[in-house]
Amino acid sequence: MNLFLDYLTVTALFALVALPAALGLIRDRHIDRQLRDAERGEAARTETESAARPYKVTRRSYPKGWAKA
């Protein structure tokens, strides 16, 4: 039983150390896939027709600035 707990402890510590690296690898692969799809001009796979569109902000040009020169 003691040997089993030793193996379990070592396995848990290894998982604790390796987990951030594995999550980073998964995140990098997701970003790479998004970049590849963007280069090809494909739409995102998760985007639906009813998804919110980005809001376009139009800048107004003011003939007179607020600062007096």
Nearest 0.5 angstrom please: [X] [atom1] to [Y] [atom2], how far?
X: His30; Y: Leu35; atom1: NE2; atom2: CG; value: 10.0 Å
X: Leu16; Y: Thr11; atom1: CG; atom2: OG1; value: 12.5 Å
X: Leu8; Y: Leu13; atom1: CG; atom2: CG; value: 9.5 Å
X: Arg33; Y: Arg29; atom1: CZ; atom2: CZ; value: 7.0 Å

